[in-house]
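One structure below.
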Amino acid sequence: MAVIRTEGLVKDYGKVRALAGVDLDVAEGEIFGFVGPNGAGKTTTIRVLLDLLRPTAGRAEVFGVTPVQGGPSLRARIGYLPGELAMSGRRTAGDLLRHLASLRGGAGGNRIGALSERFGLDLNRPIRSLSKGNKQKVGVVQAFMHGPELLILDEPTSGLDPLLQRECLDLMREARDGGATVFMSSHVLGEIEDVAGRVAIIRDGVIVDVDDVGALRSRAGQVVELRFSGRVDIDEFRNLPGVRDVTLDGSTMRCMLHGEPDALLKAAARHRVLAWSAHERELEDLFIDFYRGPSDRRQPEEVTFDGR
Amino acid sequence: MAAETVPVLAGVMREQRRPLVLWGLALTAVSTLYIAIYPTMGIDEMASMVDNLPEALINALNYDEIGTAAGYISSTVYGLLGPALLLIFAIATGTRLVAGQEEDGTLELELTAPVSRTRVLLERVAALWCNVAVLVAVVAVVTIVLAAVLDLDVTVGNVLAASTGLLLLVLGFGTVGLAAGAITGRRAIGLGVAAGLAVLAFMLNAIAPTVEAEWMTIVSPFSWFLDGRPLATGFDLSRLALLATVPVLAVAAAVVGFRRRDLMV
């Protein structure tokens, strides 16, 4: 069963279209990564799921009901960590967490102590004296404390030091192992690769790709470098299948390769090859491709230096 | 226990404890100061001072009965300083409790908790009303105690009547501010609407006798509150009922507006 499903989800803020038809399908028990540049629509999508925002068009469902229909009883099944967590006041972190538990009818109140200890959060400090990282700990604790079936986490590890980032990822894995579903947005691609099974990439309010982390990685392609004994003609390589972004620096040719290397190797074999290397691109490079968008994806350097 | 049945209200009341105490002290000081100096002002001096004022000002400040204890307290604590201070508190607090906390993001965790929007709104309105009620009670207690101590000709029943009117007047504008903020999501709009209407209502009541425009007293909640001279005459249920319509209608509008719009944008 889909825990989260959106179909053609559109959200306009006045004349600005924030979501232009988002389709998502998050299955029960998976950790689903949601990545994209700032302003792409991640937080807007998440806020629709929590019924802070109402869709302009299309449909969003969580556990089979729309967020409006689901209301409080739906939100009781969700743990939510906002992307920009705002907290203030003289009350202590413990007071705030107990208050948030009381909003859930007391659910999770008994886990505040253990979770805070795990993250080294001092419950007796006033909220307004807490650093960004400590506030984030409060946010993590309140999202997980009631053992929700669905965790919706907007940039969960931001502000946490590397050790606590790992602790947070562990917490997500434990929740998943306990049967929960995790929907997380992130900028840190390493952690998405680490913890997520599937990833959706959103850009300009539409999902541009959804796939397994592994499959995405293989689609990221390879960077191939070939050093020839003499000059070669760049046009010999430019239009080969699977080859992109060809650059020539003296007798060294660099390009990006997707799929089979056969055509490239055969073209290269017409010359004397002194050295070659091919390495897998990082997932991050793929995301940057997506972030740039189709218009300037091919050779951004050329655009930059056009007027030279 | 209270935290389980009305968690939103309980949360706000905890946050409000400190400002409530400070405002209570300020209102106690101001009320005490004004009422305590009444016996030291000779009636003749007062009358001659009032005679020297322009009639429009006398009307505006309700000074025509300043020679009596009820008239004096009505012109100072209940008709001017009390409403002014309480309105500042109520409008500032009412606009902050929904629109202000929505704008600064601190409402996000409450709105995404398993609590309905209607309930968040109503419990926050209730918190505002409780706060205002406490402060009006402070003014009433100070007045009753000082009237007894100084042997002033003001009955407890009349103080309660005037305090009820003051409470409803302040709840009205405070709730209008909360509602305008809750409907628009902008605290500045709540502040502008509520403060603007309060000043307008005060001005209409003040200038109505001078310009002899009865419609001004018909539309101004300040007139509904003060025209019956509650400190001298006691409870007037029809006027109180009229005053009560303002906060009730404001809450209804706030619920409708808050339920249907996008939050946190």
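Chain identifiers are assigned alphabetically (A, B, ...) following the order of the sequence lines, protein sequences preceding nucleic acid strands; residue numbering begins at 1 within each chain.
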Those residues of residues 46-59 of chain A, ordered by number, that approach chain B below 4.5 Å (heavy atom to heavy atom): A:R47, A:L50, A:D51, A:L52, A:L53, A:R54
Heavy-atom neighbours of A:E174 CD exceed 12 at 6.0 Å: yes
A:T92 backbone acceptor or donor facing A:R128 side chain under 3.5 Å: no
side-chain contact (heavy atoms from CB on, under 4.5 Å) evaluation trace for B:S75 with B:L80: CA-CA 6 Å; B:S75 298; B:L80 192 63; over 6 Å; no
Listed once per pair and sorted, the ring-ring contact (aromatic ring centres under 6.0 Å, His included) pairs that draw on residues 68-122 of chain A, sequence neighbours left out: none
Chain A interface, residue from B:R18, B:R119, B:E110 that has the most non-hydrogen pairs under 4.5 Å: B:R18
Largest heavy-atom contact set with chain B, pairs under 4.5 Å, which of A:H146, A:M87, A:R90: A:R90
Residue A:L85 versus chain B: region with a heavy atom under 4.5 Å: side chain
Shortest non-hydrogen contact from B:P114 toward A:R104: CD-NH1, 3.4 Å
Lys/Arg N to Asp/Glu carboxylate O, A:E30 vs A:R176, below 4.0 Å: no
Which atoms of A:Q142 approach chain B - backbone, side chain, both or neither, heavy atom under 4.5 Å: side chain
A:P37 to A:K42 - nearest heavy-atom pair and separation: O-NZ, 3.4 Å
Side chains of B:Y38 and B:T76, donor plus acceptor under 3.5 Å: no
Donor + acceptor pair across side chains of B:Q101, B:R124 (<3.5 Å): yes
Under 3.5 Å: donor-acceptor pair, side chain of B:S31, backbone of B:T28: no
Check: A:S186/A:E191 side-chain N/O donor and acceptor closer than 3.5 Å: yes
Contact listing (chain B partner; residues 11-28 of chain A; heavy atom under 4.5 Å): A:K11, A:Y13
Members of residues 242-265 of chain B whose heavy atoms come closer than 4.5 Å to chain A: B:R259, B:R260, B:R261, B:D262, B:L263, B:M264, B:V265
Among A:G79, A:P82, A:G71, residue most engaged with chain B (heavy-atom pairs, under 4.5 Å): A:P82
Pair A:R77 + A:E149, salt bridge at N-O below 4.0 Å: yes
Intermediate values then yes/no, side-chain contact (heavy atoms from CB on, under 4.5 Å), B:L135 and B:N131: CA-CA 6 Å; B:L135 294 180; B:N131 274 273; 5.8 Å; no
Lys/Arg N to Asp/Glu carboxylate O, A:D122 vs A:R125, below 4.0 Å: no
Heavy-atom pair of closest approach, residues B:V6 and B:E123: C-OE1, 3.2 Å
